[in-house]
Structures are given as C-alpha cells and as structure tokens.
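What you see below is based on every heavy atom in this structure, not just the backbone, and it leaves out hydrogens, waters and symmetry mates. Order of appearance sets the numbers: ligands from 1, and atoms from 1 within every ligand. Keep in mind that what you see is a predicted model, and the values were worked out from it rather than measured.
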Amino acid sequence: MQTARPEPPIRSLWSATAIAAPSFAPLSGDAQADVAIIGGGYTGLSAALHAAADGLAPIVVEANSLGWGASGRNGGVVSAKFRLSFSDAAAAHGMDVARRMYAIAHEAVDLVEDLVDRHGIAAAQYRRVGQVKAAHNGPALAAALADMEWMRERMGDASVEPLTREQVTEETGAEGFVGGVRSPHAGAIHPLNYLRGLAAAAARTGVRIHEGTPALRIRGEAGGVRLETPGGVVRAKHAIIATNGYSDLTGASEPLRRKIIPFRSAMIATAPLGDNLARAIMPTRRVYVETRRMMRWFRMVDDRVVFGGRGAFGKTDSQSAFRVLRAAMVRTFPALADAPVESRWSGLVAMTLDGLPHIGWIDDRLLFAAGYNGSGVAMSTLLGKYLAMLLRGEKPDLALLDAARFRTVPLYPLREAGIRLVAGWYQFMDSLGR
Ligand SMILES: Cc1cc2nc3c(=O)[nH]c(=O)nc-3n(C[C@H](O)[C@H](O)[C@H](O)COP(=O)(O)OP(=O)(O)OC[C@H]3O[C@@H](n4cnc5c(N)ncnc54)[C@H](O)[C@@H]3O)c2cc1C
C-alpha cells in the first residue's frame with residue numbers, strides 16, 4: 001500500500017534560500033520625515049531609495065517584516081509587460097499611447113538590472129534569460145503569433161520569435177504545447193534577496209525603516225500628514241500608500257481598497273531533481289508562461305522546478321489548491337510524478353478593472369502606486385522611482401497608468417463571489433480548449 005507523503009509546511013522556497021534578513025526595529029516614539037511610506041515591498045522601498053537619492057528623508061513603515069507581501073513571495077519573473085497587451089492598448093487608445101506603454105514596460109526591466117548592478121545585489125542572482133510563451137492549443141498559438149506580428153510590424157520589435165511545437169518541446173522539455181513565441185525581454189531573479197538588497201541599499205542611502213509597524217490611520221494636519229502607528233506618530237510633508245494586494249490590513253490604505261481586487265496566486269517548488277531530470281526539464285533555463293486564461297508559469301531554480309498558478313479563493317490557503325497546482329505540474333511534466341514538493345506558498349496579487357497598475361496623487365499630500373495584476377516585480381520598482389519623481393514635482397508621462405484612470409470596483413462587497421465566477425468561467429473555457 002502506498003502511504004501518502006506528509007504535506008510540507010507552507011513556506012516559500014525564497015525564504016528557505018534567502019540571505020540573512022536585515023532587521024529593522026518597530027517605531028517607538030514620534031518621528032519626523034519628508035515622506036512617510038506605508039508598505040515595505042518593492043514599491044515602497046524603491047520609492048524610498050529614489051526619494052533619499054534626491055536628498056529627502058523618507059521613513060518606511062512595514063506592518064510585518066520586509067518582503068512579507070507579494071515582493072517576498074512572487075515567481076521572480078522580471079518581465080516587460082502589462083496584462084493589457086500593447087496591441088489592445090493601441091486599438092483602444094492609439095499608437096502613441098501604446099508606444100509609451102511599451103517604453104514604460106521596458107524601462108521597468110532596465111531599472112531592475114540597473115539597481116541590481118548599482119547596489120551590488122548579487123544575491124538576487126538576476127539573469128536576463130528571456131521568456132517562452134507556450135501555447136496550449138491552436139487558437140491560443142494563433143493569437144500569440146498575431147500579437148508577435150503586430151509587435152514586429154507596428155512596434156518595430158523584431159526580437160520576438162515564433163517557435164514550432166518541436167522548438168517549444170526543446171525549450172521546455174514538455175510535450176503538450178503546440179508552439180509558442182520567445183522574447184529576450186525578460187529575466188529571472190531571487191525575489192526575496194532582491195527585496196532585501198533594495199532594503200539594504202535604501203538604509204545605506206539614509207532611509208529609516210521600521211518593521212512590525214502598521215500604519216493605522218493617515219490624517220491631514222497643518223503642513224502635511226500624520227501617520228498613526230502603535231508605537232508612535234510619524235509626521236511628514238507627504239505620504240505614499242504602497243500596500244498593493246494587502247490594502248485591507250488597516251484603514252490607512254482606505255483610498256485604494258475599493259479599487260483593488262486581491263487574488264491569491266500560489267506556487268510550489270520541488271526538491272532538487274536528479275541529474276537526468278534536471279537536464280531534461282526546461283533545459284534552456286528561461287522563464288516560461290502558458291497561454292491559458294488561468295495562466296500558469298514555471299522556471300528552474302537550482303535544479304528545482306518552480307511552478308505557479310491560481311491559489312485558493314478567500315483569505316487563507318487550502319490544501320486542495322496546492323494539490324491542483326501539483327497535478328497541473330505533473331500534467332505538464334509527467335516525469336515529475338514522483339518528484340517531492342518541498343515548498344508551497346501563496347500571496348495576494350492586486351487586480352484592477354482595466355488590468356493595469358495606476359500611480360498618482362490622491363490629494364496634494366498623498367501619493368500611491370498599486371494594481372500590478374501579477375506582473376509587478378519590474379513595474380513596482382519603476383513606479384517607486386516615478387513616485388519619487390512626482391514628489392520632486394515632475395510630471396512623467398504615465399499614459400494609461402495615470403491615477404485619473406483608476407476605477408472603483410462596482411459592487412465591491414460582492415468581489416469574492418465575482419472572482420469565483422470569473423475564475424470558474426476561465427477554467428471552463430480552458431477545459432473546452434477555447
Ligand atoms: C505568488 C505570486 C507570484 C507572483 N509572481 C510574479 C512574477 O513572477 N513576476 C512579476 O512581475 N510579478 C509577480 N507577482 C506580483 C508581484 O510580486 C507584485 O506585483 C509586487 O511584489 C508588488 O509589490 P508592492 O511593493 O506593491 O506590494 P507588496 O510586496 O505586496 O507589499 C505591500 C506591503 O504593504 C504592507 N502593508 C499593508 N498594509 C500596511 C499598513 N497599514 N502599514 C504598514 N504596512 C502595510 C504589507 O505587509 C506588505 O508587505 C506575483 C505575486 C504573487 C503573490
């Protein structure tokens with residue numbers, strides 16, 4: 001009789017393999033800053049780092065530990081894209097807007113590379129490995145190829161190449177895809193080490209960071225804002241809300257809460273594979289995404305398969321969501337049927353109605369950036385830099401990311417039911433092969 005393997009604890013591969021965490025004490029007593037930043041993920045830390053480089057004195061308050069949010073738990077895929085495609089952006093808003101969106105997406109990847117270089121974040125193990133989009137059926141392949149042609153002809157980006165079924169098998173080691181496209185504009189990173197590297201760089205540049213310090217409320221007062229935390233008050237000229245998918249921890253993120261739909265995304269990682277399997281699976285060691293509506297993505301990290309997809313609905317993890325993910329991994333790579341899963345974890349991505357992140361002023365003292373729709377490693381880093389530009393009084397061309405376009409989710413209290421409905425419909429359509 002086969003005995004079931006005990007489920008591993010819910011802990012990310014990244015926290016199991018990360019460099020030591022710098023530790024920052026909770027705020028105790030009152031403090032003064034030029035800008036108070038709520039949230040210690042990539043958005044908050046990048047904003048702080050860039051603001052400090054401009055000579056400002058920022059304070060970052062993080063309710064948990066740095067990287068506790070999506071920035072410490074993501075797949076580490078560094079990509080130059082939005083959920084809304086550039087061709088759809090062009091169809092709806094014109095070519096100039098699509099070009100600017102393309103430039104923003106690429107600037108984001110370049111910035112990650114530049115920060116890793118400039119601040120010596122070697123532990124992030126960043127490499128521009130390129131990405132393969134693997135089509136799960138004919139219509140999905142046709143759509144991916146049409147998009148590629150559009151990128152070549154209209155955007156002048158000839159770097160994206162078509163892949164035959166055989167080439168996708170050579171790239172991935174999986175037999176089930178019918179073709180795909182390959183793009184060089186993507187990298188792979190150790191997300192938590194990147195986050196910790198950014199935090200160390202920010203601290204060296206003079207940023208004050210307080211972990212275990214939830215901002216409970218933001219109030220306007222003469223000459224600025226007042227941020228209340230359990231251990232003291234931060235007074236600052238400006239505040240930035242950088243809480244993204246975790247915008248319902250306290251009332252401080254209230255201006256964002258109803259504009260964001262938190263969606264749980266989950267990941268698993270196998271134990272290191274033996275030599276033969278490690279050579280056969282994803283031999284080109286890029287990052288790989290599928291074309292299904294309920295998208296899955298995968299990569300190899302130190303001979304482990306890391307596989308991501310939809311997590312449990314609701315506020316907590318469920319064993320069944322991880323089992324579904326493992327089953328999807330084994331369907332994609334049947335040779336992994338006996339590979340033990342060593343790490344399982346999940347986090348919240350922030351979906352928005354238009355599939356785009358947004359950034360800007362809430363009023364004359366309060367800024368925000370949020371809504372990365374699951375593609376935020378590079379973009380949140382860039383929007384942190386843009387937040388610092390806005391603080392300087394600059395007006396970068398934000399195209400479709402402008403705060404004015406950030407819409408409130410209608411019938412917000414029904415969002416959980418809405419998520420289940422949409423996800424169920426996507427899964428149904430995927431199962432029909434449409
Ligand atoms: C499982 C998963 C896989 C993903 N994979 C990828 C990927 O491969 N590639 C990609 O590009 N993107 C990916 N993403 C998305 C990406 O990780 C996020 O877009 C990005 O990390 C967002 O960064 P952030 O700083 O805005 O938010 P977060 O990193 O979520 O940080 C927000 C922080 O705010 C803190 N906070 C909340 N409220 C308060 C308060 N009141 N006071 C103080 N602090 C507060 C939270 O504790 C949290 O640490 C993934 C996300 C998940 C969850």
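- Side-chain N or O atoms of T284 include one that pairs as donor or acceptor with a backbone N or O of E171 at under 3.5 Å.
- Within 4.0 Å of ligand 1, the residues that place a heavy atom are I38, G39, G41, Y42, T43, V61, E62, A63, N64, W68, G69, A70, S71, R73, N74, G75, G76, V77, T213, P214, A215, A242, T243, N244, Y246, L249, T250, S265, M267, W297, G347, L348, V349, Y372, G374, S375, G376, V377, S380, listed by chain and number.
- When all heavy atoms are compared, the tightest approach of H50 to A388 is CB-CB, 3.5 Å.
- Using a cut-off of 4.0 Å between Lys/Arg side-chain N and Asp/Glu carboxylate O, R219 and E221 are scored as not salt-bridged.
- The aromatic ring centroids of F406 and F368 lie less than 6.0 Å from each other.
- Using a distance-only test at 3.5 Å, with no hydrogens or angles considered, no donor-acceptor pair links the side chain of Y246 to the main chain of N244.
- Residues Y102 and H106 place their aromatic rings such that the two centres sit under 6.0 Å apart.
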